[in-house]
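This is a predicted model, so every value here is computed, not measured.
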Amino acid sequence: QAQLVQSGGGLVQAGGSLSLSCTAHGRSFALYRMGWFRQAPGKERESVAAISWTDGSTYYRDSVKGRFTISRDNARNTVYLQMNTLKPEDTAVYYCAAATGVRPGGQYDYWGQGTQVTVSS
């Protein structure tokens with residue numbers, strides 16, 4: 001079992017930066033992949049970025065490429081999301097997620113509690 005604890009986020013003006021972190025706590029699990037999702041009011045949850053725990057390969061949705069950076073600290077079981085040049089459309093609740101193995105459809109096993117990111121225009 002793992003518990004994901006998120007920190008970071010908040011309110012920033014357009015063009016500003018924020019960072020998120022997410023640490024996996026618990027015993028007897030091995031991370032395979034971690035990712036960040038977001039959900040804006042009235043919209044479906046969408047994948048933002050993901051990183052492989054084995055080789056560090058990354059994925060970004062097109063709208064955040066060049067602005068967001070996902071990184072990991074294997075020793076701390078922590079994933080980070082650095083968000084630069086933020087836009088009002090980035091406003092959402094951001095969730096981290098962890099997969100402990102290969103999952104069909106890229107599914108995840110554990111989810112963080114969510115943290116609000118608000119970008120004012």
Side-chain atoms of residues 89-99: list all donor-acceptor pairs with protein atoms under 3.5 Å, sequence neighbours left out, distances to 0.1 Å.
unit_1	atom_1	unit_2	atom_2	d
Asp90	OD1	Arg38	NH1	3.0
Asp90	OD1	Arg67	NH2	3.1
Asp90	OD2	Arg67	NH1	2.7
Asp90	OD2	Arg67	NH2	3.4
Asp90	OD2	Lys87	N	2.8
Thr91	OG1	Pro88	O	2.9
Thr91	OG1	Val119	N	2.9
Thr91	OG1	Val119	O	3.4
Tyr94	OH	Arg38	NH1	2.9
Tyr94	OH	Asp90	O	2.7

[X], [Y]: one ILVMFWY side-chain cluster at the under-4.5 Å cut-off?
| X | Y | result |
| --- | --- | --- |
| Phe68 | Val117 | yes |
| Met83 | Val12 | yes |
| Tyr110 | Tyr80 | no |

Exercise. Which pairs pass salt bridge (charged side-chain N to carboxylate O under 4.0 Å, His left out) with one or both residues in residues 102-114, sequence neighbours excluded?
Worked result: Arg103-Asp109
Problem set entry | Qualifying salt bridge (charged side-chain N to carboxylate O under 4.0 Å, His left out) pairs with a residue from residues 14-25, counting only residues at least two apart or across chains |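 Sorted pair list comes back empty.
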Exercise. Residues two or more places apart in sequence or in another chain: which of them pass salt bridge (Lys or Arg N to Asp or Glu O under 4.0 Å) with Arg61?
Worked result: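 With sequence neighbours excluded, Arg61 shows a salt bridge (Lys or Arg N to Asp or Glu O under 4.0 Å) to Glu46, given in chain and number order.
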With [X], which residues qualify under side chain to side chain contact (heavy atoms under 4.5 Å, CB included), at least two apart?
| X | result |
| --- | --- |
| Lys65 | Tyr60, Asp62 |
| Ala24 | Leu4, Phe29, Leu31, Asn77 |
| Thr54 | Ser52 |

Problem set entry | Residues forming a side-chain hydrogen bond (donor to acceptor under 3.5 Å, both in side chains) with Ser57, sequence neighbours excluded | Asp55
Exercise. What residues, two or more places apart in sequence or in another chain, satisfy side-chain hydrogen bond (donor to acceptor under 3.5 Å, both in side chains) together with Gln116?
Worked result: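 side-chain hydrogen bond (donor to acceptor under 3.5 Å, both in side chains) check on Gln116 returns Thr118.
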Problem set entry | Trp36 CH2 to Ile51 CD1 distance, which is reported to the nearest 0.5 Å |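 Output value for this atom pair is 12.0 Å.
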For this session: Starting at CD of Gln1, measure out to OG1 of Thr100 and round the result to the nearest 0.5 Å.
Result: 9.5 Å
For this session: Only counting residues at least two apart or in another chain, list the ones meeting ring-ring contact (aromatic ring centres under 6.0 Å, His included) with Phe37.
Result: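 Listed in chain order: Tyr108, Trp111.
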Exercise. Checking Gln6 side chain against Gly114 main chain: does a donor-acceptor pair fall under 3.5 Å?
Worked result: yes
Exercise. Applying disulfide (SG to SG under 2.5 Å), which residue pairs with at least one partner in residues 35-78 are found, sequence neighbours left out?
Worked result: none
In residues 16-23, what donor-acceptor pairs under 3.5 Å come from side-chain atoms, sequence neighbours left out?
unit_1	atom_1	unit_2	atom_2	d
Ser17	OG	Asn84	OD1	2.9
Ser21	OG	Ser7	OG	2.5
Thr23	OG1	Thr78	OG1	2.8

Problem set entry | Atom CD of Gln107: over 12 foreign heavy atoms under 6.0 Å |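 Atom CD in Gln107 is packed in, count exceeds 12.
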For this session: Using a 4.5 Å cut-off on heavy atoms from C-beta on, say whether the side chain of Ile70 contacts that of Tyr59.
Result: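 They are not in side-chain contact.
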For this session: Assess whether side-chain contact (heavy atoms from CB on, under 4.5 Å) is satisfied between Val79 and Trp53, documenting all intermediate values.
Result: CA-CA 10 Å; Val79 65; Trp53 225 247; 4.2 Å; yes
